[in-house]
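I have placed the structure first, in the form of C-alpha cells, so that the comments after it can refer back to it.
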Amino acid sequence: MIPVYSVAQIRAVEAQENSKRGETSLMKQAASHLASTALGMLAENTSAEPAFVVALIGPGNNGGDGLYALAELQLQKISTLALQFHEQVHAEAAAAYQAAGGTMLDLSDGEGELAKASLIIDAIYGLGYRPGSALPVLPANARVLACDVPSGLNPDTGVAEDGVLLAERTLTFGALKSGLLAIDGPLVTGDITVADLEFDFSSVEAGTQLVEETATRELLNQHRSWRDAGRHKYQRGVLGLIAGSDLYPGAAQLTAKAAVACGAGLLRTHVPESIQSMMALSVPESVPLDDDQIKEALSSSRRQIHGKGAKIKAWAIGPGLDGRTPPTGAIADVFASPQPAVIDASGLEVVPAGPSEQPRVLTPHAKELRMLLSRAGVKITPDEIAQDPIRWTRWAALAYNAVVLLKGPTSYIVAPNGDSLMVSHSAPELATAGSGDVLTGILGYMLSDSSLTGTEGLRTVPNRRMMELTACAAYIHGHLGRVTAADGTVNASRLIENLPKVMKQFGF
C-alpha cells in the first residue's frame with residue numbers, strides 16, 4: 001500500500017530534506033526522474049517526426065525542476081524549448097538549461113510552438129498553485145506530463161479549475177499528495193508515478209493509504225493456501241443474498257450473477273416470490289432461500305450443515321429491496337447475526353445504527369452517505385462531503401459501527417476506529433446503472449470465502465480484514481471497468497461477462 005500525505009506534511013518533510021541535502025541537489029534529482037519519464041513517453045510516439053519537448057516554466061522550484069529536466073534532454077540530443085509563464089524563473093536552473101544549448105522564450109512569443117510539441121511538460125506551479133491563478137490554454141489532444149501536480153489542481157483538496165492542464169501522466173515527488181486522489185484529481189492526473197527521492201517520512205503519519213494492484217494481490221494472498229485447490233463447494237464460499245422487489249427485479253439478478261461469476265461455491269437467494277422465476281432463469285446456479293431456511297441457517301451457526309441448511313458464511317443485502325419499510329423477519333434476523341454482511345442500495349435505508357455484533361460493510365455513494373448520516377442525527381451538505389470525504393465517512397463508520405465504503409472515482413474505506421484506505425481506479429465508465437450491484441456481488445463473495453477472510457469455525461472477521469477485502473473488491477471493480485471499457489461501452493451486464501477473466505487475473 002502507498003501512503004498518502006497532506007501538502008503540509010509533504011512541505012515539512014521537504015524542508016527537512018532541503019536542509020540536509022541542499023535544495024539544488026534535490027531539484028536535480030527530481031529533474032532526472034522527470035527527464036527519464038519524458039523519454040519514456042517519447043518512446044511511445046509512433047510519429048516519424050523528431051521529438052520536440054516544450055516545457056511551461058513557472059517562477060518557483062517547480063519551474064526549476066522543469067528547466068533542469070530540459071537540460072538533461074538537451075544533452076541527450078532531444079530538441080527542447082522552455083516557455084516562461086512568469087517573468088521570474090529559477091536563475092540557477094535557467095543558466096544550466098541555457099548552458100546545455102536550450103532556448104527560453106516568453107509564452108507570448110512562443111505559444112505557437114505548443115502545437116508542434118511531441119510532449120508538453122507542465123512545470124508551472126506544482127504545490128504552489130493557488131485557486132484563481134492564471135493558466136495557459138493548450139492545444140487539443142496535447143500530450144502533457146505534469147511535474148508534481150497538474151497546474152490548476154489544488155494539491156490538498158483535489159478541486160480543479162475548469163482550465164486545469166489535463167495530464168496524460170503525473171510524476172509526483174516525495175510521496176502521494178491527497179489532492180491527486182480526491183474529487184477531481186483522478187480525472188485530471190492521468191497515470192500517476194511517485195518519485196520518492198528517498199524522503200524520510202518516519203516522523204510523519206500518513207492520513208491514509210492507497211491500495212493499488214500490487215497491494216490488492218498481496219492482501220488477497222494473505223490467507224491463501226495450496227490446500228484451497230481441494231476444497232468442496234461449501235468451502236468455497238456460501239453467500240446469502242437478500243435482494244430484489246417487484247419494482248427492481250434486475251438488481252437482485254445482477255448481484256447474483258456477479259457472485260456466481262466470481263466463483264462462489266454456493267449462492268442462496270432470498271427474493272420476493274414474484275421474481276423467483278426470473279432468478280431461476282437468469283441465475284440457474286442460485287438456490288432459493290425462504291424465511292424458515294434463513295432462521296435454520298442462522299440457528300446452525302455453531303455447526304457446519306450441508307444441503308439445504310448449509311451454513312451461510314456471509315450475506316449481501318440491499319440491491320433492489322423495497323427500502324421504505326423497517327427491517328423485519330429475515331432481514332432483521334440477519335442484521336442480528338454474527339455473520340459478515342455487505343449492505344448496499346436500499347439496504348442502507350434500513351440498516352440499524354449503533355452497536356452491532358455483525359461485522360458489516362456499508363457501500364454508499366455520496367448521496368447515500370448523506371442519508372446515513374442524517375439518520376444518525378448528523379446534518380451535512382453534499383459540498384461538505386466532497387470537501388472532506390474521509391472525515392464524514394469516519395462519522396458514518398462510527399455511527400453504524402461498520403466499515404464504510406464511500407464509492408466514487410476515488411473510493412474511501414473507513415473502519416469504526418478511524419483507520420482508512422483509498423482506492424483510485426479512474427474508471428468513470430463505472431458510473432452506470434447496476435454497477436454497484438456488481439460490486440456488491442464481488443464483495444459478498446469475498447466475505448463468504450474463508451480462504452480470503454482467514455476465519456474458520458466461530459471466529460468473526462475483524463474490521464481490519466473487512467477493510468482490506470473491501471478495498472480489494474473496489475480495486476477489482478475498477479479494473480473490471482477499465483477492461484470492459486477497452487473494447488466498447490460499459491454496462492452492468494458487460495461487466496459481469498468480463499468478471500470471470502478479471503477474477504482469474506487476481507488468482508481466483
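The analysis underlying the following values was restricted to heavy atoms, covering all of them including side chains, and did not include hydrogens, waters or symmetry mates.
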Residues Leu499 and Cys262: closest non-hydrogen pair is CD2-SG, 3.7 Å
Glu168 (side chain) donor-acceptor with Asp191 (main chain) under 3.5 angstrom = no
In terms of heavy-atom contacts, Leu135 and Gly163 come closest through CD1-O, 3.5 Å
Go through Glu111 and Leu83 one step at a time and tell me if the side chain to side chain contact (heavy atoms under 4.5 Å, CB included) criterion holds.
-> CA-CA 8 Å; Glu111 194 167 9; Leu83 296 180; 5.7 Å; no
Smallest heavy-atom separation, Gly434 atom then Leu254 atom, equals CA-CD1, 3.8 Å
Give a yes or no on this: more than 12 heavy atoms of other residues, nucleotides or ligands lie within 6.0 Å of atom NZ of Lys28.
-> no
Residues pairing under ring pair (Phe, Tyr, Trp, His ring centres under 6.0 Å) where one sits in residues 151-171, two or more places apart or in two chains, turn out to be none
Can you find a heavy atom in the side chain of Val149 that is under 4.5 Å from one in the side chain of Thr170?
-> no
Would you check if Asp487 and Arg494 make a side-chain contact, meaning some heavy-atom pair closer than 4.5 Å?
-> yes
Heavy-atom closest contact (Gln74 atom, Thr80 atom, distance) = OE1-OG1, 2.6 Å
Are any non-hydrogen side-chain atoms of Arg465 and Thr455 less than 4.5 angstrom apart?
-> no
Mind checking what makes side-chain hydrogen bond (donor to acceptor under 3.5 Å, both in side chains) contact with Asn401, not counting sequence neighbours?
-> none
Donor-acceptor pair, side chain of Lys501 and main chain of Glu497, under 3.5 angstrom | no
Full working for side chain to side chain contact (heavy atoms under 4.5 Å, CB included) between Met371 and Leu348 = CA-CA 9 Å; Met371 177 272 294; Leu348 298 171; 4.0 Å; yes
Just by distance, do the side chain of Glu368 and the backbone of His365 share a donor-acceptor pair under 3.5 Å?
-> yes
Partners meeting ring-ring contact (aromatic ring centres under 6.0 Å, His included) with Tyr125 (sequence neighbours left out) = Tyr129
Heavy-atom donor-acceptor pair, Tyr400 side chain to Leu372 backbone, under 3.5 Å = yes
Within-4.5 Å side-chain heavy-atom neighbours: Asn463 and Asn417 = no
Passes side chain to side chain contact (heavy atoms under 4.5 Å, CB included), Val144 versus Leu166? Steps please.
-> CA-CA 7 Å; Val144 178; Leu166 300 177; over 6 Å; no
Let me have the donor-acceptor pairs involving side chains of residues 57-73, under 3.5 Å, with sequence neighbours excluded, atom names and distances please.
from: Asn61; atom 1: ND2; to: Glu23; atom 2: OE1; distance (Å): 3.4
from: Asn62; atom 1: OD1; to: Ile124; atom 2: N; distance (Å): 3.2
from: Asn62; atom 1: ND2; to: Cys147; atom 2: O; distance (Å): 2.9

May I have the step-by-step check of side-chain hydrogen bond (donor to acceptor under 3.5 Å, both in side chains) for Ser202 and Asp200, ending in yes or no?
-> CA-CA 6 Å; Ser202 60; Asp200 181 6; 2.7 Å; yes
Measure from the side-chain N and O atoms of Gln9 to the backbone N and O of Glu205, and report whether any donor-acceptor pair falls under 3.5 Å.
-> yes
Which pair of non-hydrogen atoms, one from Thr410 and one from Ser424, has the smallest distance, and what is that distance?
-> OG1-OG, 3.3 Å
Leu75 backbone acceptor or donor facing Lys77 side chain under 3.5 Å | no
To the nearest 0.5 Å, what is the distance between CG (Leu39) and CD (Gln76)?
-> 5.0 Å
Give a yes-or-no answer on whether the side chains of Lys379 and Ser374 include a donor-acceptor pair shorter than 3.5 Å.
-> yes
When you look at Leu480 and Val438, which way does the side chain to side chain contact (heavy atoms under 4.5 Å, CB included) test go after all the steps?
-> CA-CA 10 Å; Leu480 176 64; Val438 175; 4.2 Å; yes
So CE of Met41 and CD1 of Ile120: to nearest 0.5 Å the spacing works out to 10.5 Å
Are Leu145 and Val53 close enough that some pair of their side-chain heavy atoms sits under 4.5 Å apart?
-> no
Pairs satisfying ring pair (Phe, Tyr, Trp, His ring centres under 6.0 Å), at least one member in residues 463-508, at least two apart = Tyr445-Phe508, His479-Phe506
Over all heavy atoms of both residues, which pair between Ala160 and Asp184 is shortest? Give the atoms and the distance, please.
-> N-OD2, 2.9 Å
When rounded to the nearest 0.5 angstrom, what is the spacing between NZ in Lys20 and CG in Leu26?
-> 9.5 Å
Using the side chain to side chain donor-acceptor pair (under 3.5 Å) rule, collect all pairs that involve residues 29-44, keeping only residues at least two apart or in two chains.
-> Arg21-Gln29, Glu44-Arg143, Glu44-Arg169
Measure from the side-chain N and O atoms of Ser435 to the backbone N and O of Leu430, and report whether any donor-acceptor pair falls under 3.5 Å.
-> yes
Taking the side chain as every heavy atom from C-beta outward, state whether Thr393 and Ser420 have any pair of such atoms under 4.5 Å apart.
-> no
Only one of Thr363, Asp344, Thr255 forms a side chain to side chain donor-acceptor pair (under 3.5 Å) with Thr440, so which one is it?
-> Asp344
Examine distances only and state if a side-chain atom of Ser133 and a backbone atom of Arg130 form a donor-acceptor pair shorter than 3.5 Å.
-> yes
Drop me the distance from Met1's CE to Met422's CE, to the nearest 0.5 angstrom.
-> 13.5 Å
Measure the spacing between OG1 of Thr24 and CG of Asn18 and express it to the nearest 0.5 Å.
-> 9.0 Å
Do Glu213 side-chain atoms and Thr216 backbone N/O form a donor-acceptor pair below 3.5 Å?
-> no
Would you say the side chains of Thr208 and Tyr412 form a donor-acceptor pair under 3.5 Å?
-> no
Student check: side-chain heavy atoms of Ile413 and Val403 closer than 4.5 Å | yes
Would you give the length of the straight line joining atom OG of Ser178 to atom CD1 of Ile183, rounded to the nearest 0.5 angstrom?
-> 9.5 Å
Has the side chain of Thr189 got a donor or acceptor atom that lies under 3.5 Å from a matching backbone atom of Gly185?
-> yes
Will you find, in the side chains of Asp449 and Ser451, an N or O donor that is under 3.5 Å from an N or O acceptor?
-> yes
Check whether any side-chain heavy atom of Arg224 sits under 4.5 Å from a side-chain heavy atom of Leu452, and report yes or no.
-> yes
